[in-house]
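Throughout, a chain's letter reflects where its sequence line sits, starting with A, and its residues are numbered from 1. Just the heavy atoms: all of them, side chains too, but no hydrogens, waters or symmetry mates, feed the values below.
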Amino acid sequence: MNWILALPELVLACCGMAILVIGVLNKRDMFQACSMLTVGAFLLTAVLVIAGPTGVGYSGMYTADAFSLFVKLMILAAAGLGVIVALDYNEHANMQRFEFPVLVLYAATGMMLMASSSNMMTMYVGVELMSLSIYVLAAFARDELRSAEAGLKYFVLGALASGLMLYGISLVYGFSGSMGFEQMAKVLADPAKVSPGLVVGLVFIVAGLAFKISAVPFHMWTPDVYEGAPTPVTAFMGTAPKVAAMALLIRVMATPFGHLLAQWQQLIVLVAIASMVLGSFAAIAQKNIKRLMAYSSIGHMGYALIGLAAGNAVGVRGVLFYLFTYIFMNAGTFACIIAMRRKGRYVEGIADLAGLSRTDPALAMWLAVFMFSMAGIPPFSGFLGKYFIFTAAVQQGLWTLAVIGVLTSVVGAYYYIRIIKVMYFDAPAEAFDARPGSLSFVAAASGLFTTLFFFYPAPVVAAAEAAAKVLFR
Amino acid sequence: MIAALAFYAFAAVLLASAAMVVSSRNPVHSVLFLILAFFNASALFVLAGAEFLAMTLVIVYVGAVAVLFLFVVMMLDINFVQLREGFQRYLPVGLAVVVVLLAELAMVLGGWKMAPEAMNLRFAPIAANTSNTVQLGKLIYTDYILIFQASGMILLVAMIGAIVLTLRDRGLTRKQNINAQTRRTPADTLVLVDARSGAGIGELGIYRPKAPESVAAAHDEHHDAHHGDHSSAGGHH
């Protein structure tokens, strides 16, 4: 039994329990200490992920390969950034409870399990572990009506999506006779074994996962939950779970259903187009920056799905690369949004950013960098991500997708650049409160990464390529 | 012979009690019939040779779930008469749905063909000389250990979530303070009142016995609005 394969997850889960005990037993306020310990646990786990062996274990339920390694590092980075941006916010919003980092930690454990799953059951358990933690996090500001509503809404709709996915899994199991990805791939290699029932099950599984990445038409919850949840939770929800669910979607489509490309390609193309169009047009009218980011994330998931629709290693490399740049753009943007505090109250309107370039030039500069990058303007990292995705689509002859992608990027650029216009050309509003160090750190680190990534993207490209090659042998 | 008789007896009681669950007017009776149904179902499991499932059914469903139901039924003041209102009005719609479902079932069963080897595959193979508890244990703790433990983590997260979202220390809960209890003297808590015969205690200004000083001081602020004249009596609650 090669249990050492899952050592990162085991260590992370044990760290979570230890942090929980530390938090409970101390009478003092342990939020900051537990957050620091959680970041430490993430670092330790990242080292274990990098150093760990590869292979298949636990009776074929768990796979550690280059793909899972790359995805897990992204998840750990995103979760770590999520904990750091919450440090100051939670103190001010009266949410300084040590359970917060612990829940983020368990969500990360579930996501790592998702990234490594090679069996439908592991996949489902991972998804549930992640989702349940995030439902609680969304409702974490329990005395605020909006947060409680966000948590409940996400929970009810998420449970529905889980039910859909479970139903799909049961159909697929019934028609293919197996839960393991490898065995299913073997069975489905024979076209005679592909029945309509199996394709229906496949569609249900895609629907369940599309809900988690908030792709149209399963996006309804996104704007409300993003707006209602406490901002650090929104920052976390926008990065790590998206990465994990997208990675799982890629693995499920590529490994067990790899031979059914013709069946799922149309589905993914449709979802990608709808997400890109809705994400870019619905964001135009938004006045709340968190809602704007919600629609922006829907659009970004649409772009990422283009790479999956290409259905080959080049496309998946593009998706992984895109997600990698997206994490840092998103975390940085949310660090800037959390810094929007005026006289002790957090503000979320786009109009509140007016004239930020004069009251806080550094913050305005970083936010402008992230907005340019999200719009896909060179030389920022967001441009490279879009470039890889669109090239993959064009190579596969998916011209419609690429053209719609470029057109919606132009529409998206309008609302991203409008924020820059508000910051740089409008009459200054009252200055924000002093920024805490943790937010400046995240904004500056993500901003530097986004700006300078252009000079040396080779290691990330190589890692993403190695990861994608595992799935398409 | 005896096994067949037992099967029919348990099955009949099971069906009857299940019917009573939905038809009984008193919700508490419903829950009690549900418990009876669970017991009979577990007896059927024993007859089928699945003793572990039988015990789990009793422990989990009767021990925890049914008791929980009972608590919920008793604590939530649900007006079941009101719930049944409109039964007559919606009856035709319900009957139509029932007819459609029955027709569909009949169509499915009409086209049913049993696979030839299915009868032999009904039960999972059981190795000789092991009980199915041992076999389940081997399956869960070797093949499925990873997801079994991950499911445990899901339950842990659910527990943390329930506590985070609901537990709050309002400062109103009274915790035991042994030090304060042993230091109490009769003078702190006892008040001698000269009660006229025939006078009510409200008239005399006595509502509650006197509370220890520290607690009384902490609580007076909250409740001044409610009790106008409790100063003479000391504490409250």
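Heavy atoms closer than 4.5 Å to chain B are found in the side chain of Leu113(A), but not in its backbone. Of the two parts of Thr109(A), only the side chain, counted from C-beta on, holds a non-hydrogen atom closer than 4.5 Å to a non-hydrogen atom of chain B. Residue contact with chain B, scored on non-hydrogen atoms closer than 4.5 Å, is absent for Asn119(A). Residue contact with chain B, scored on non-hydrogen atoms closer than 4.5 Å, involves the backbone and the side chain of Leu132(A) alike. Proximity to chain A (any heavy atom under 4.5 Å) is restricted, for Leu156(B), to the side chain, taken from C-beta onward. Both the backbone and the side chain of Ile147(B) come within less than 4.5 Å of a heavy atom in chain A. For chain B, no part of Met130(A) is nearby; none of its heavy atoms comes within less than 4.5 Å. Proximity to chain B (any heavy atom under 4.5 Å) is restricted, for Leu20(A), to the side chain, taken from C-beta onward.
Considering every non-hydrogen atom in both Val125(A) and Ala150(B), the closest pair reads CG1-CB, 3.3 Å. Shortest non-hydrogen contact noted between Ile154(B) and Glu128(A) is CD1-CB, 3.7 Å. Among all heavy-atom pairs drawn from Val157(B) and Ser133(A), the shortest one is CG1-OG, 3.6 Å. Minimum interatomic distance between Ile163(B) and Arg97(A) (heavy atoms only, all atoms of both residues): O-NH2, 4.5 Å.
The CD atom of Gln149(B) sits 13.5 Å away from the CD atom of Glu9(A) when rounded to the nearest 0.5 Å. To the nearest 0.5 Å, atoms CG (Leu167(B)) and CZ (Arg142(A)) are separated by 7.0 Å. Put simply, OH on Tyr135(A) and CG on Leu165(B) are 13.5 Å apart, with the number rounded to the nearest 0.5 Å.
Side-chain atoms of Val136(A) and Ile160(B), non-hydrogen and from C-beta on, never get closer than 4.5 Å to each other.
Counting non-hydrogen atoms of neighbouring residues, nucleotides and ligands closer than 6.0 angstrom, the CZ atom of Phe31(A) exceeds 12 such neighbours. Counted within 6.0 Å of OH on Tyr144(B), heavy atoms from surrounding residues, nucleotides or ligands total 12 or fewer; the atom is thus considered open. No more than 12 heavy-atom neighbours from other residues, nucleotides or ligands sit within 6.0 angstrom of OH on Tyr61(B). More than 12 heavy atoms of other residues, nucleotides or ligands sit less than 6.0 Å from atom CG of Leu25(A).
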